[in-house]
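Below is one structure, written out as structure tokens; the observations come after it.
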Amino acid sequence: MKKSLFIALVAMFAICCQAEAKYTKSISIFGDSYSTYAGYLQPDTNFVWYESQPGKWRNDVHKVTETWWHQLIKNNGYKLCVNNSFSGSTICNTGYVDKKTGKHQDYSDRSFATRLDNLGNPDIILVCGGTNDSWAGAPIGEYKYSDWTKEDLYLFRPAMAYMLEGLINHYPNVEIYFILNSELKESINESCRTICAHYNVPLIELKDIDKQGGHPSIKGMKSFAEQVAKAIK
């Protein structure tokens, strides 16, 4: 090999390595109220829990920079693709009980099963759900990994499987992680563990998250971000 050709190849290799080193991975957040902040959601019609207005503060998190996902992205060199989080949303289509009718509301307009195709073009998807399914007492159902019916999606286990398979198929070669909140019903916890294992989706189980009003405080958000960062690295 001629010396000039060798030098050219080395130079090309160095340029390629430099370009790869500078590539910044993008993250899409797929969540519920824990991941909301007013003015930062797509679509912007999604319900929010964390607000910038003093009259709507529900705990001590008052800035978007205090949210777990903002800390994770800023402190670890990522960039945000899409934050499609919706306060109160369940993974399945079964929502909270209506106080007037005594029946579960239909959340098919906001469930994770419905929103999974609106996450942009990320390198990593972080799914943080299951909290409202637990709080709302959504029916668990049986494990089912194919041939889902409309009725199946009103049950947690089939809907969870439907969601993960939908994410895997809709976003090929994208890293997908499922974040499991602390202090949920064991039936929800065990279901998430089993279904994530079935699809080989890494499960991040949060531990000791400080909360105010049922939602992460500043202290809780910091711990949240650190636990996720450690897991996805």
Side-chain angles (χ1 to χ4, degrees), residues 25-36 41-42 46 68-69 72 78 81-95 106-182 184-206 224 227-228 231-233:
K25 285 188 175 183
S26 64
I27 292 179
S28 282
I29 309 298
F30 191 29
D32 50 32
S33 59
Y34 279 37
S35 306
T36 61
L41 304 183
Q42 293 177 262
N46 287 1
W68 74 268
W69 53 269
L72 171 74
Y78 298 111
C81 180
V82 167
N83 183 349
N84 186 343
S85 297
F86 197 122
S87 181
S89 61
T90 45
I91 287 176
C92 70
N93 289 339
T94 299
D106 188 325
Y107 273 20
S108 56
D109 64 335
R110 68 197 70 179
S111 70
F112 284 64
T114 300
R115 295 184 287 123
L116 65 85
D117 61 351
N118 191 13
L119 297 173
N121 185 30
D123 298 296
I124 300 170
I125 294 174
L126 299 178
V127 186
C128 183
T131 297
N132 290 299
D133 299 83
S134 180
W135 291 355
I140 293 295
E142 301 297 328
Y143 293 110
K144 188 174 183 180
Y145 298 106
S146 63
D147 302 320
W148 298 278
T149 65
K150 181 180 179 180
E151 291 71 25
D152 288 330
L153 299 185
Y154 287 86
L155 308 173
F156 180 75
R157 285 172 176 166
M160 173 81 174
Y162 174 89
M163 177 195 68
L164 288 185
E165 182 158 312
L167 290 173
I168 291 167
N169 291 338
H170 201 83
Y171 305 94
N173 300 320
V174 171
E175 297 176 50
I176 300 170
Y177 298 84
F178 188 89
I179 303 168
L180 182 61
N181 188 17
S182 59
L184 300 186
K185 292 179 180 178
E186 187 55 32
S187 57
I188 294 289
N189 296 336
E190 187 55 38
S191 297
C192 291
R193 294 179 189 120
T194 300
I195 297 168
C196 284
H198 177 87
Y199 287 105
N200 293 315
V201 170
L203 178 67
I204 304 171
E205 295 195 46
L206 300 178
F224 193 144
Q227 290 180 46
V228 174
I232 68 176
K233 282 184 178 180

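In this text, all values refer to a predicted model and were calculated from it rather than measured experimentally. What's counted below: heavy atoms across the whole structure, side chains too, no hydrogens, waters or symmetry copies.
- Two residues are said to be in side-chain contact when any heavy atoms from C-beta on lie closer than 4.5 Å; Y78 and I232 meet this criterion.
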### Task
Take Y154 and D106 through the side chain to side chain contact (heavy atoms under 4.5 Å, CB included) test and state the conclusion after the steps.
CA-CA 8 Å; Y154 287 86; D106 188 325; 2.7 Å; yes
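- Here the shortest heavy-atom pairing between L153 and A159 reads O-CB, 3.8 Å.
- The closest side-chain heavy-atom distance from C92 to D133 is below 4.5 Å.
- Annotation: side chain of T36 is not in contact with side chain of N46 (no heavy-atom distance under 4.5 Å).
- With values rounded to the nearest 0.5 angstrom, I124 atom CD1 is found 7.5 Å from S26 atom OG.
- With rounding to the nearest 0.5 angstrom, the CZ atom of F30 is 11.0 Å from the CG atom of N83.
- More than 12 heavy atoms of other residues, nucleotides or ligands sit less than 6.0 Å from atom NZ of K185.
- To the nearest 0.5 Å, the span separating OG on S85 from CZ on F112 amounts to 7.0 Å.
- At distances below 3.5 Å, at least one donor-acceptor pair connects side-chain atoms of Y171 with backbone N or O atoms of L119.
- Closest heavy-atom contact between P158 and I140: CD-O, 3.8 Å.
- Judged purely by atom type and a 3.5 angstrom limit, R110 has no side-chain atom pairing as donor or acceptor with the backbone of T90.
- Test E205, M163, R193 against F178 for side-chain contact (heavy atoms from CB on, under 4.5 Å) and you get one pass: M163.
- At least one side-chain heavy atom of L126 sits less than 4.5 Å from a side-chain heavy atom of I27.
- The side-chain heavy atoms of S134 and F156, taken from C-beta on, include no pair separated by under 4.5 Å.
- Residues forming a side-chain hydrogen bond (donor to acceptor under 3.5 Å, both in side chains) with T114 (at least two apart in sequence, or on another chain): S111.
- Annotation: side chain of L184 is in contact with side chain of W135 (closest heavy-atom distance under 4.5 Å).
- We find the CG-CG distance between D32 and N132 to be 5.0 Å, quoted to the nearest 0.5 Å.
- Y162 and D152 are not linked by any side-chain donor-acceptor pair at a separation below 3.5 angstrom, with hydrogens and angles left out of the test.
- Between E190 and R157 no salt bridge is recorded (no basic side-chain N to carboxylate O distance below 4.0 Å).
- For the pair C81 and N121, the tightest heavy-atom approach, listed with the atom from each and the gap, is SG-N, 3.5 Å.
- Contact between Y107 and T94 at its shortest, heavy atoms only, is CB-C, 4.4 Å.
- Taking the side chain as every heavy atom from C-beta outward, F224 and I179 approach each other to under 4.5 Å.
- The 12-atom threshold is not exceeded at CD of E142, counting heavy atoms of other residues, nucleotides or ligands nearer than 6.0 Å.
- Here the shortest heavy-atom pairing between G31 and S89 reads O-OG, 3.7 Å.
- Separating the SG atom in C196 from the OH atom in Y177 is a distance of 12.5 Å, to the nearest 0.5 Å.
- The 12-atom threshold is exceeded at CG of N169, counting heavy atoms of other residues, nucleotides or ligands nearer than 6.0 Å.
- Heavy atoms only, all atoms of each residue included: K144 and D147 are closest at NZ-O, 3.2 Å.
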### Query
Going through the distances and angles, do N118 and V82 end up as a side chain to side chain contact (heavy atoms under 4.5 Å, CB included)?
CA-CA 8 Å; N118 191 13; V82 167; 5.6 Å; no
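- No side-chain heavy atom of W68 sits under 4.5 Å from any side-chain heavy atom of L206.
- Atoms CD1 and CG, on I91 and L164 in that order, are 7.5 Å from each other to the nearest 0.5 Å.
- Taking Y145 as the reference, nothing meets the side-chain hydrogen bond (donor to acceptor under 3.5 Å, both in side chains) condition, with sequence neighbours excluded.
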